[in-house]
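A short write-up of the structure that comes next.
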Amino acid sequence: MAEKHFKYVILGGGVAAGYAAREFAKQGITKGELAIISKEAVAPYERPALSKGYLFPQGAARLPGFHTCVGSGGERLLPEWYEEKGIELILSTEIVKADLSSKSLTSAAGATFTYDILIIATGSSVIKLTDFGVQGADANNILYLREIDDADKLVAAIQAKKDGKAVIVGGGYIGLELSAVLRLNNLDVTMVYPEPWCMPRLFTAGIAAFYEGYYANKGVKIVKGTVAVGFDSDSNGDVTAVKLKDGRVLDADIVVVGVGGRPLTSLFKGQLAEEKGGIKTDAFFQTSVPGVYAVGDVATFPMKLYGDLRRVEHVDHSRKSAEQAVKAIKASEEGKSVEEYDYLPYFYSRSFDLAWQFYGDNVGDTVLFGDSDPASAKPKFGSYWIKDGKIFGAFLEGGSADENNAIAKVARVQPAVSDLNVLTQEGLQFAAKI
């Protein structure tokens with residue numbers, strides 16, 4: 001097969017690829033210089049839509065509606081946009097070998113692509129129960145959610161098992177968002193997770209109590225402190241039940257598993273420095289190999305605000321790291337430099353009529369303020385994380401744009417706090433003063 005050469009190659013076709021392409025176009029590229037190689041069959045899109053709007057029972061989101069970069073209020077980059085800009089979209093193409101010394105990538109079909117500069121934007125893959133040999137985990141309708149093909153399978157299952165029973169395995173991001181959207185589809189929903197409360201990597205017990213109460217009021221059943229150890233299926237191979245470690249058995253027509261992801265770095269093992277499960281980069285997302293950059297989920301980068309190295313799995317960082325890498329690439333070509341990446345961690349989620357945002361670092365002591373009664377008509381509450389007498393993190397449910405900006409500023413500025421009781425009483429007012 002013929003070899004194709006590009007000045008720049010973005011490996012991966014997710015959120016980061018779309019934002020990197022837009023930045024390249026903004027900075028200026030000539031036709032044929034840039035290629036995006038993706039194993040997916042569609043142009044880059046805003047992945048968060050898959051666990052929200054894509055699954056709505058009415059007015060569901062569909063492509064081309066959520067191609068990047070609409071998720072951040074930007075232009076929607078349709079396949080025609082890439083064509084107009086002279087960017088080659090190489091879709092449905094899985095790269096199975098990367099040789100950084102010869103600057104070449106080989107596809108499953110045997111095609112070779114060479115580059116001068118590579119941006120690794122491969123993202124994450126979902127952790128599957130079959131990876132651990134869970135009994136019966138290969139049954140039909142045990143589903144995962146990462147790509148648009150996964151979402152299509154879930155849509156088909158929702159339609160085929162109308163008003164049926166769904167079991168969600170996992171109490172994190174995916175678990176909470178999918179429990180909500182499956183309930184909106186009128187399924188009987190049970191969440192199962194081993195931890196004492198949902199979203200334990202971020203939520204405190206106090207925050208989690210609100211969401212668990214709210215979900216219960218919406219009819220979502222929650223089973224905590226146990227895990228799925230096996231599945232039953234019928235003669236067609238369709239899942240019928242989830243067997244739990246504590247001995248309980250839950251009837252199920254659909255099972256959705258959300259137990260985390262793994263950064264897709266295996267192509268580069270032994271070729272790049274790694275740290276904390278990701279590819280180690282500098283503040284411009286360049287790796288240990290000059291001319292090779294890594295962005296989004298796969299990058300372990302210097303978190304300037306906290307003086308350490310971190311890997312962040314969130315769409316906001318995917319967008320911003322991609323833009324930073326392209327700015328750095330273009331600046332270095334002109335003998336210039338750009339500012340170091342100075343990221344403020346940001347996470348958000350929307351489900352039912354709820355919407356929360358979190359900024360900063362969830363370390364230290366916490367205070368809970370506001371109305372966190374799950375039965376309230378319009379709940380609004382938040383938390384601050386305090387370490388060494390300063391606020392490091394801030395969380396807000398039900399905030400306005402201005403209020404969310406205020407808590408972001410608190411997390412960035414890290415104001416001193418002497419009395420946690422006063423802080424609890426002031427709540428959001430404290431943020432408004434900063």
Side-chain angles (χ1 to χ4, degrees), residues 7-12 14-29 34 68-69 72 74 98 100 103 115-124 263-265 267-269 271-347 358-363 387 390 392-393 408-414:
K7 185 174 182 182
Y8 312 106
V9 167
I10 300 168
L11 180 58
V15 171
Y19 282 77
R22 182 179 67 168
E23 191 61 37
F24 269 119
K26 203 193 286 184
Q27 298 275 343
I29 46 167
L34 172 61
T68 52
C69 300
S72 58
L100 301 185
K103 298 189 173 184
Y115 59 83
D116 296 330
I117 289 173
L118 176 66
I119 298 179
I120 301 165
T122 42
S124 295
L264 285 165
T265 59
L267 284 173
F268 309 99
K269 283 270 179 279
Q271 300 185 73
L272 291 169
E274 293 189 48
E275 185 102 13
K276 296 186 175 175
I279 297 167
K280 189 178 180 184
T281 77
D282 62 15
F284 311 101
F285 294 98
Q286 187 160 225
T287 68
S288 56
V289 174
V292 177
Y293 294 73
V295 297
D297 289 4
V298 297
T300 300
F301 63 96
M303 186 77 81
K304 190 174 179 181
L305 192 58
Y306 306 124
D308 60 11
L309 291 172
R310 300 209 181 171
R311 196 174 65 77
V312 173
E313 293 179 6
H314 196 267
V315 64
D316 180 63
H317 165 66
S318 290
R319 293 167 179 154
K320 289 174 178 167
S321 58
E323 290 170 344
Q324 170 76 352
V326 175
K327 285 173 183 165
I329 288 163
K330 292 305 249 176
S332 69
E333 288 174 355
E334 295 164 14
K336 297 175 184 169
S337 61
V338 292
E339 293 284 311
E340 290 184 342
Y341 192 61
D342 188 8
Y343 186 64
L344 174 67
Y346 164 54
F347 300 93
F358 167 83
Y359 295 89
D361 206 8
N362 56 327
V363 292
K387 182 185 166 194
K390 294 190 296 188
F392 271 69
K409 190 176 179 187
V410 166
R412 169 69 76 182
V413 173
Q414 297 177 1

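These numbers were taken from a predicted model, which means no experiment stands behind them.
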Answer yes or no: are there more than 12 heavy-atom neighbours, outside [X] itself, under 6.0 Å from its atom [atom1]?
X: Lys336; atom1: NZ; answer: no
X: Glu339; atom1: CD; answer: no
X: Lys409; atom1: NZ; answer: no

Please report the closest heavy-atom contact between [X] and [Y], naming both atoms and the distance.
X: Met303; Y: Pro345; value: CE-CG, 3.6 Å
X: Cys69; Y: Gly18; value: SG-O, 4.0 Å
X: Ala322; Y: Ala16; value: CB-O, 3.3 Å
X: Phe285; Y: Ala325; value: CB-CB, 4.1 Å

Problem - Tyr8 and Phe24 aromatic centres sub-6.0 Å - result: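 When the ring centroids of Tyr8 and Phe24 are compared, they turn out to be within the sub-6.0 Å range.
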
Exercise for the section: Report the C-alpha separation of Phe347 and Val312 in whole Å, then their side-chain angles, then the decisive distance to 0.1 Å, and conclude whether the side chain to side chain contact (heavy atoms under 4.5 Å, CB included) test is met. Expected result: CA-CA 10 Å; Phe347 300 93; Val312 173; 4.2 Å; yes

Exercise for the section: Output the distance between atom CG (Leu272) and atom OG1 (Thr281), rounded to the nearest 0.5 Å. Expected result: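 OG1 of Thr281 is found 10.5 Å from CG of Leu272.
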
Problem - Separation of Asp116 CG from Glu333 CD (nearest 0.5 Å) - result: 9.0 Å

Restricting to side-chain hydrogen bond (donor to acceptor under 3.5 Å, both in side chains), what partner residues turn up for [X], sequence neighbours left out?
X: Ser288; answer: none
X: Lys103; answer: none
X: Asp282; answer: none

Exercise for the section: State which residue, out of Ser318, Ser321, Ser72, fulfils the side-chain hydrogen bond (donor to acceptor under 3.5 Å, both in side chains) condition with Tyr19. Expected result: Ser72

Problem - From CA spacing to verdict: side chain to side chain contact (heavy atoms under 4.5 Å, CB included), Tyr293, Leu118 - result: CA-CA 6 Å; Tyr293 294 73; Leu118 176 66; over 6 Å; no

Do [X] and [Y] touch side chain to side chain, with heavy atoms closer than 4.5 Å?
X: Phe301; Y: Leu309; result: no
X: Ile279; Y: Ile120; result: yes
X: Glu274; Y: Thr300; result: no
X: Val338; Y: Gln324; result: yes
X: Val9; Y: Leu34; result: no
X: Pro302; Y: Glu340; result: no
X: Ser337; Y: Phe284; result: no
X: Val326; Y: Val295; result: no

Could you tell me whether a side-chain N or O of [X] sits under 3.5 Å from a main-chain N or O of [Y], the two making a donor and an acceptor?
X: Thr122; Y: Leu264; value: yes
X: Lys280; Y: Thr287; value: no
X: Lys327; Y: Gln27; value: no

Problem - Worked check of side chain to side chain contact (heavy atoms under 4.5 Å, CB included) between Ile117 and Lys7 - result: CA-CA 6 Å; Ile117 289 173; Lys7 185 174 182 182; 5.8 Å; no

Problem - Working for ring pair (Phe, Tyr, Trp, His ring centres under 6.0 Å), residues Tyr359 and Tyr346 - result: CA-CA 5 Å; Tyr359 295 89; Tyr346 164 54; 4.8 Å; yes

Practice task
Could you note down all residue pairs passing side-chain hydrogen bond (donor to acceptor under 3.5 Å, both in side chains) where residues 308-317 supplies at least one of them, sequence neighbours left out?
Solution key: Tyr173-His314, Asp308-Arg310, Arg310-Asp361, Arg311-Glu313, Asp316-Lys320, Asp316-Tyr343, His317-Tyr341

Exercise for the section: Name all pairs fulfilling the salt bridge (Lys or Arg N to Asp or Glu O under 4.0 Å) condition that reach into residues 14-25, sequence neighbours left out, sorted by first residue then second. Expected result: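 Qualifying pairs: Arg22-Glu323, Glu23-Lys26.
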
Handout entry: Evaluation steps, side chain to side chain contact (heavy atoms under 4.5 Å, CB included), between Ile119 and Ile329
Key = CA-CA 10 Å; Ile119 298 179; Ile329 288 163; 3.8 Å; yes

Exercise for the section: Kindly write out the residues that satisfy side chain to side chain contact (heavy atoms under 4.5 Å, CB included) with Leu305, not counting sequence neighbours, or none if the list is empty. Expected result: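 In terms of side chain to side chain contact (heavy atoms under 4.5 Å, CB included), with neighbours along the sequence ignored, Leu305 is linked to Asp342, Leu344, Arg412, Gln414.
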
